[in-house]
Amino acid sequence: MDSSNSTGILHDFPPFFRVYRNGKVERITADAETVPPSNDPHTGVQSKDTVVSPENSLSVRLFIPKIKDPRQKLPLLIYIHGGAFCIESPFSSLYHNYLTNLAHQANVIAVSVQYRRAPEHPLPVAYDDSWSAIQWVASHVNGNGVESWLNKHADFERTFLAGDSAGANIAHNMTVRAGVNALFGVKTVGMVLAHPFFGGKEPDFFSPVIEYIFPDVKIYDDPRINPAGAGGVELASLGCSRVLIFVAGNDGLRERGYSYYDALKKSGWSGVAEIEETEGEDHVFHLFNPDCDKAVFMMKQVVSFINPVP
C-alpha cells in the first residue's frame with residue numbers, strides 16, 4: 001500500500017490495530033463474535049444490557065444466577081474486560097460465556113463494563129468510563145436505582161472487582177480510586193487480577209501501543225501503568241482487603257504480575273494478597289480454553305475467593 005496517499009497507513013501496531021491517514025482505524029485482531037443477552041438454559045443465568053451514559057456510549061451487561069428466594073442477597077462482581085484497551089467487549093462470546101459461567105459457579109451478580117476503547121478514545125477514557133460505571137452501580141445501594149436486579153439482590157457489602165489483562169489494569173486502578181474516594185454503602189472486599197497488564201521501567205513489545213494510546217504521559221513512571229514503580233506508593237491506598245493475582249508460566253507479562261505482588265506486599269497496604277501461577281500456559285488461556293483442567297481449576301479458585309469457607 002502506498003503510504004504517501006490519503007488512505008495509506010499512518011500508524012501500525014500489530015497485532016492490535018492500524019490507523020490510516022484518513023483517520024480510519026482497522027482492528028487487526030478482530031473481536032470475538034458478539035452475542036445478545038440471554039436466559040442460559042444450562043445454568044439458569046440471565047443477562048441483559050443497560051445503557052449507563054448515552055452521551056458516552058457507556059453500557060454494561062448484567063448477569064444474575066437463578067434466584068431461589070426473592071429476598072436473597074448475592075455478592076456483587078464488577079468485571080472489566082481485557083483486550084489491550086482497544087479490542088473486545090462484554091458482548092463478545094468470549095466474555096459473555098465466561099461471565100455466565102462465573103455468575104453460575106460463584107452465585108454472584110456480575111456487571112461487565114463496556115468502556116470506550118482506544119485508539120478512538122485514548123486513555124484515560126477507559127479509566128474514567130469504568131469509574132462512571134462503578135458509580136452507577138453504587139447508585140443502587142439504597143434500592144432505588146434503575147436496575148431491579150441490583151436493587152433487590154446485590155449485597156454491596158460484598159463487592160468484588162475483577163478483570164483480565166488490560167482489564168485487570170483497569171480493575172486495579174478502580175480499586176485504588178475506591179480506596180481514595182469511598183463509595184457510600186459499597187464495601188469492596190476483594191480484587192481478582194487475571195494475567196494483569198502492567199508496564200515496567202523498561203520498554204517492552206507493548207510500549208509503542210501504550211505511548212500512542214496514552215499520549216502526554218510518562219508511561220514508565222505513571223502509577224496507572226506501572227503501579228510497582230516509584231516504590232508502589234499508590235498501592236497502599238488499595239481499597240480492598242484481599243487480592244488474588246493469576247499469572248501464566250508462558251505469558252510475557254508473568255514477571256510484571258510478580259513485581260506487582262511484591263510491591264503490594266511492601267507498600268504498607270494492610271490486606272492479604274495471593275498469587276497463583278499456572279505453569280505451561282499462555283496469556284488468558286482460561287478464556288480461550290475454558291473447559292481445560294487448568295482453566296476449570298482457575299475458576300474454582302475464583303469461586304473460593306469470592307465465597308470463602310468460614
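FYI, side chains are in, hydrogens and waters are out, and symmetry mates aren't considered; it's all heavy atoms of this structure. If you're wondering where the values come from, they're calculated on a predicted model, not measured in any experiment. For the single chain, residues carry numbers from 1 onward in sequence order.
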Enquirer: Roughly how far apart are Asp293 CG and Thr278 OG1, rounded to 0.5 Å?
Expert: 12.0 Å
Enquirer: Quick check: is Met299 connected to Leu287 through a chain of hydrophobic side chains (ILVMFWY, heavy atoms under 4.5 Å apart)?
Expert: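 Same hydrophobic cluster.
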Enquirer: Below 4.5 Å, heavy atoms only, C-beta onward: do Ile213 and Ile210 meet side chain to side chain?
Expert: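 Sidechains of Ile210 and Ile213: in contact.
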Enquirer: Hey, what do you get for OG (Ser112) to CD1 (Ile80), rounding to the nearest 0.5 Å?
Expert: 7.5 Å
Enquirer: Do Ile87 and Ile28 belong together in a cluster built from hydrophobic side chains that touch within less than 4.5 Å?
Expert: no
Enquirer: Could you state whether Val209 and Val217 fall into the same hydrophobic cluster, counting links through intermediate Ile, Leu, Val, Met, Phe, Trp or Tyr residues with side-chain heavy atoms under 4.5 angstrom apart?
Expert: yes
Enquirer: Search all heavy atoms of Ala171 against all heavy atoms of Leu161 and return the closest pair with its distance.
Expert: O-CD2, 3.8 Å
Enquirer: List the atom pairs, donor and acceptor, that lie under 3.5 Å between side-chain atoms in residues 181-200 and the rest of the protein, sequence neighbours left out.
Expert:
from, atom 1, to, atom 2, distance (Å)
His195, ND1, Val284, N, 2.8

Enquirer: Cut-off 3.5 Å, no hydrogens considered: what does the side-chain donor-acceptor table look like for residues 135-142, sequence neighbours left out?
Expert:
from, atom 1, to, atom 2, distance (Å)
Ser139, OG, Trp136, O, 2.5
His140, ND1, Trp136, O, 3.0
His140, ND1, Val137, O, 3.3
His140, NE2, Val146, N, 3.2
His140, NE2, Glu147, N, 3.0

Enquirer: So does Ser38 get a backbone contact from the side chain of Ser47, meaning a donor-acceptor N/O pair under 3.5 Å?
Expert: yes
Enquirer: Could you tell me whether the side chain of Asn250 and the main chain of Gly280 form a donor-acceptor pair under 3.5 Å?
Expert: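 Confirmed, Asn250 side chain pairs with Gly280 backbone.
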Enquirer: With heavy-atom distances below 4.5 Å as the criterion, would you say the side chains of Ser59 and Asp49 are in contact?
Expert: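 No. Closest side-chain heavy atoms not under 4.5 Å.
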Enquirer: So, His172 versus Tyr260, ring centres under 6.0 angstrom or not?
Expert: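 Judged by ring-centre distance (under 6.0 Å), His172 and Tyr260 do meet the cut-off.
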Enquirer: Shortest non-hydrogen contact from Tyr127 to Met174?
Expert: O-CE, 3.4 Å
Enquirer: In Å and rounded to the nearest 0.5 Å, what is the CD1 to CG distance from Ile134 to Asp129?
Expert: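 Interatomic distance, Ile134 CD1 to Asp129 CG, rounded to 0.5 Å: 11.0 Å.
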Enquirer: Grab the two heavy atoms, one from Pro215 and one from Leu123, that are nearest each other, plus how far apart they are.
Expert: CD-O, 4.2 Å
Enquirer: Check whether Lys294 reaches the backbone of Glu279 with its side chain - one donor and one acceptor, N or O, closer than 3.5 Å.
Expert: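 Such a contact is found between Lys294 side chain and Glu279 backbone.
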Enquirer: How far apart are the C-alpha atoms of Asn151 and Ser148, what are their side-chain angles, what is the distance that settles it, and do they pass the side chain to side chain donor-acceptor pair (under 3.5 Å) test?
Expert: CA-CA 5 Å; Asn151 289 334; Ser148 61; over 6 Å; no
Enquirer: Checking side-chain contact (heavy atoms from CB on, under 4.5 Å) between Leu76 and each of Val108, Val111, Asp155, which is the one that passes?
Expert: Val111
Enquirer: Passes side-chain contact (heavy atoms from CB on, under 4.5 Å), Ile9 versus Val19? Steps please.
Expert: CA-CA 6 Å; Ile9 296 173; Val19 181; over 6 Å; no
Enquirer: Atom NZ of Lys152 and atom CD1 of Ile67: how far apart are they, to the nearest 0.5 Å?
Expert: 10.5 Å
Enquirer: For the rings on His286 and Tyr98, is their centre-to-centre separation under 6.0 Å?
Expert: yes
Enquirer: Working to the nearest 0.5 angstrom, can you tell me the gap between Glu88 CD and Arg117 CZ?
Expert: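 With rounding to 0.5 Å, CD (Glu88) is 8.0 Å from CZ (Arg117).
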Enquirer: Starting from the C-alpha separation in whole Å, work towards a yes-or-no answer on salt bridge (charged side-chain N to carboxylate O under 4.0 Å, His left out) for Arg27 and Glu120.
Expert: CA-CA 11 Å; Arg27 284 177 169 79; Glu120 297 92 333; 2.8 Å; yes
Enquirer: Do the side chain of Thr34 and the main chain of Ser92 share a donor and acceptor less than 3.5 angstrom apart?
Expert: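 Flag not set: sc Thr34 to bb Ser92 has no pair under 3.5 Å.
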Enquirer: Quick one: do Phe63 and Ile109 end up in the same hydrophobic cluster if we chain Ile, Leu, Val, Met, Phe, Trp and Tyr together by side-chain heavy atoms under 4.5 Å apart?
Expert: no
Enquirer: At their closest point, which heavy atom of Asn307 faces which heavy atom of Ala106, and how far apart are they?
Expert: ND2-O, 2.9 Å
Enquirer: Kindly check if the number of other-residue, nucleotide or ligand heavy atoms within 6.0 Å of CG (Asp69) is above 12?
Expert: yes
Enquirer: Do Leu62 and Thr50 touch side chain to side chain, with heavy atoms closer than 4.5 Å?
Expert: yes
Enquirer: Quick one: are the ring centres of Phe214 and Phe85 less than 6.0 Å apart?
Expert: no
Enquirer: Does any non-hydrogen side-chain atom of Leu244 lie less than 4.5 Å from one of Glu276?
Expert: yes
Enquirer: Is it the case that the side chain of Thr159 and the backbone of Phe156 share a donor-acceptor pair, with hydrogens and angles ignored and the cut-off at 3.5 Å?
Expert: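 Yes; judged by distance alone, with no hydrogens or angles, the pair exists.
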Enquirer: Can a donor-acceptor pair be found, under 3.5 Å and without considering hydrogens, that links the side chain of Asn173 to the backbone of Asn169?
Expert: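 Yes; at least one donor-acceptor contact below 3.5 Å.
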Enquirer: Using the salt bridge (charged side-chain N to carboxylate O under 4.0 Å, His left out) rule, take Arg256 and Asp204 through it: C-alpha gap first, then chi angles, then the decisive distance, then the call.
Expert: CA-CA 11 Å; Arg256 300 285 171 83; Asp204 57 31; 2.8 Å; yes
Enquirer: Check the orientation of Phe160 and Phe305. Use parallel for under 30°, tilted for 30 to 60°, and perpendicular for over 60°.
Expert: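 Rings of Phe160 and Phe305: perpendicular, as their planes differ by over 60°.
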Enquirer: Check whether any side-chain N or O of Asn226 sits under 3.5 Å from a backbone N or O of Asp222 as a donor-acceptor pair, and report yes or no.
Expert: no
Enquirer: Mark yes or no for whether Ser267, through its side chain, and Trp269, through its backbone, hold a donor-acceptor pair below 3.5 Å.
Expert: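 Judged by distance alone, yes, a pair lies under 3.5 Å.
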Enquirer: Please examine the side chains of Glu202 and Tyr220, heavy atoms only from C-beta on, and report whether any two atoms are closer than 4.5 Å.
Expert: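 Sidechains of Glu202 and Tyr220: no contact.
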Enquirer: Please check this pair: side chain of Asp291 against backbone of Val296, looking for a donor-acceptor N/O pair closer than 3.5 Å.
Expert: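 Judged by distance alone, no pair lies under 3.5 Å.
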Enquirer: Under 6.0 Å between the ring centres of His96 and Phe91?
Expert: no
Enquirer: Decide yes or no for Tyr95 and Asp164: does some side-chain heavy atom of the first lie under 4.5 Å from some side-chain heavy atom of the second?
Expert: yes
Enquirer: Work out which heavy atom in Ile275 is nearest to a heavy atom in Val247; give both atom names and the distance.
Expert: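 What the structure gives for the nearest pair is CD1-CG1, 4.1 Å.
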Enquirer: Might you point out which heavy atoms bring Pro290 and Ala295 nearest each other, and give the distance in Å?
Expert: O-CB, 3.6 Å
Enquirer: Within a strict 4.5 Å, meaning less than it, do heavy atoms of the Lys48 and Arg61 side chains meet?
Expert: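 No, too far: nothing below the 4.5 Å cut-off.
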Enquirer: Treat each ILVMFWY residue as a node, draw an edge where side-chain heavy atoms are under 4.5 Å apart, and state whether Tyr79 and Val176 are in one component.
Expert: no
Enquirer: With a 4.0 Å cut-off, would you call Arg18 and Asp12 a salt bridge?
Expert: yes
Enquirer: Below 4.0 angstrom, N of the basic side chain to O of the carboxylate: do Asp128 and Arg116 qualify?
Expert: no
Enquirer: Determine whether Asn107 and Gln72 make a side-chain contact, defined as any pair of heavy atoms from C-beta on separated by less than 4.5 Å.
Expert: yes
Enquirer: Would you kindly check if the NZ (Lys) or CZ (Arg) of Lys24 is within the cone defined by 45 degrees around the ring axis of Tyr20 and under 6.0 Å from the six-membered ring centre?
Expert: yes
Enquirer: For His81 and Tyr115, I'd like to know if the aromatic rings sit close, meaning centre-to-centre distance below 6.0 Å.
Expert: yes
Enquirer: Let me see the working for Met298 and Phe285 under side-chain contact (heavy atoms from CB on, under 4.5 Å), right down to the final yes or no.
Expert: CA-CA 10 Å; Met298 188 171 167; Phe285 76 94; 4.1 Å; yes
Enquirer: How far does CG of Asp251 sit from OG of Ser165, to the nearest 0.5 angstrom?
Expert: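 It is 7.5 Å, given to the nearest 0.5 Å.
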Enquirer: Take atom NZ of Lys66 as the centre, draw a 6.0 Å sphere, and report whether it contains more than 12 heavy atoms from other residues, nucleotides or ligands.
Expert: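 Counting neighbours around NZ of Lys66, 12 or fewer heavy atoms of other residues, nucleotides or ligands fall under 6.0 Å, so no.
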Enquirer: Scan side-chain atoms only and decide if Tyr258 and Glu277 contain a donor-acceptor pair under the 3.5 Å cut-off.
Expert: yes
